[in-house]
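Here's the structure, in structure tokens; my notes come after.
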Amino acid sequence: MGDISGTYCPHLFFDVAGFGHLDRDADIQQAVRRGLYQIVSGALARAAVSHTVYYRQDYGDGVLAVLPPTVPALALAEGLPIWLHLEIRRYNKCASPAARIQLRSALHIGPVYRDEQGVSGRALIHAARLINAQPVRRALADSRADLVFAVSERVYDEVIRDHPTPADVEYRRFAARVKEDEFTAWFTVLGGHAGPLLEDRPPLRAVPDHP
């Protein structure tokens, strides 16, 4: 990936739920990590994003992927949740119960700065807070889903709102506070039952406005 410093790039955080659970010894954690990279690489490859063209940073129980600005954000918002779910199901089919993966992921777009130590920027901080928001964590735990995929309000408003989404991708609005930040964003749940919204509102789907 070329010099991206200061460029508006799509970026994704992925986090494995319960990575440090007592049932997961060192061997299982290594298997889960291999599974995580298999899932992420496979899903991004389906989005025509080769692992050679994006920046990747490991977090032990998760990974950050910063994609080139040429990657269409709409293709990620529409297709990536489905492809991630497919890859999770493929991995879990052959995994032991202790090595099965439930995944939280978040998509945001904003300026990313790169130096010799890695990447930084407020946009990355916001994406990390999306993935750690209590409604996102609770949605995954309560639904026992394979995947909760969150998008920032910017991604929803500027990319998703005016486009129909696949039938399996139903984005739901939530409000959260993480550290000093209060924000609203959206998530979709795949492979489980989403349950009621925290704001007690009916489910919302990104569909085009009708005249």
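All values below were derived from every heavy atom in this structure, side-chain atoms included, with hydrogens, water molecules and symmetry-related copies excluded.
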Taking side chain as C-beta onward, heavy atoms only, is [X] less than 4.5 Å from [Y]?
X	Y	value
Ile101	Ile39	yes
Leu64	Val119	yes
Arg89	Asp146	yes
Cys9	Ile109	no
Asp23	Ile28	no
Tyr37	Val32	no
Arg173	Thr184	yes

Practice task
Let me see the working for Leu124 and Val112 under side chain to side chain contact (heavy atoms under 4.5 Å, CB included), right down to the final yes or no.
Solution key: CA-CA 7 Å; Leu124 295 179; Val112 176; 4.1 Å; yes

For residues [X] and [Y], report the shortest heavy-atom separation together with the two atoms involved.
X	Y	value
Ala47	Leu76	CB-CD2, 4.4 Å
Val178	Ala133	CG2-CA, 3.8 Å
His108	Ser152	ND1-OG, 2.7 Å
Pro10	Pro68	CD-O, 3.5 Å

Handout entry: Qualifying residue for side chain to side chain contact (heavy atoms under 4.5 Å, CB included) with Tyr91, from Gln38, Arg34, Arg100
Key = Gln38

Handout entry: Phe174-Phe187 aromatic ring centre distance below 6.0 Å
Key = yes

Pairwise distance [atom1]([X]) to [atom2]([Y]) - rounded to 0.5 angstrom:
X	Y	atom1	atom2	answer
Ser105	His85	OG	NE2	13.5 Å
Gln57	Gln117	CD	CD	10.5 Å
Leu44	Arg56	CG	CZ	9.5 Å
Asp15	Asn132	CG	CG	6.5 Å
Ile131	Tyr59	CD1	OH	10.5 Å
Phe14	Leu103	CZ	CG	7.0 Å

Exercise for the section: Tell me whether Tyr113 is reachable from Leu67 by hopping between hydrophobic residues (I, L, V, M, F, W, Y) whose side-chain heavy atoms are closer than 4.5 Å. Expected result: no

Exercise for the section: Verify the cluster assignment for Ile125 and Val155: are they in a single hydrophobic cluster under the rule of side-chain heavy atoms below 4.5 Å apart? Expected result: no

Practice task
Would you mind checking if Arg129 and Glu180 are paired as a salt bridge, meaning a charged N to carboxylate O distance below 4.0 Å?
Solution key: yes

Exercise for the section: Decide yes or no on side chain to side chain contact (heavy atoms under 4.5 Å, CB included) for Tyr54 and Val66, but give the supporting numbers first. Expected result: CA-CA 6 Å; Tyr54 64 89; Val66 180; over 6 Å; no

Exercise for the section: Run the numbers on Arg33 and Asp61 for salt bridge (charged side-chain N to carboxylate O under 4.0 Å, His left out), then give the verdict. Expected result: CA-CA 7 Å; Arg33 280 173 50 80; Asp61 60 351; over 6 Å; no

Practice task
Give the ring-plane orientation class for Tyr156 versus Trp186, where under 30° counts as parallel, over 60° as perpendicular and anything between as tilted.
Solution key: parallel

Exercise for the section: Give a yes-or-no answer on whether the side chains of Thr188 and Glu170 include a donor-acceptor pair shorter than 3.5 Å. Expected result: no

Problem - Arg122, CZ: over 12 other non-hydrogen atoms inside 6.0 angstrom - result: no

Practice task
For the pair Leu86 and Arg46, evaluate side chain to side chain contact (heavy atoms under 4.5 Å, CB included) and give the outcome as yes or no after the intermediate values.
Solution key: CA-CA 10 Å; Leu86 186 152; Arg46 290 175 180 273; 3.4 Å; yes

Problem - Derivation of the side chain to side chain contact (heavy atoms under 4.5 Å, CB included) call for Leu12 and Phe149 - result: CA-CA 10 Å; Leu12 295 136; Phe149 187 88; 4.0 Å; yes

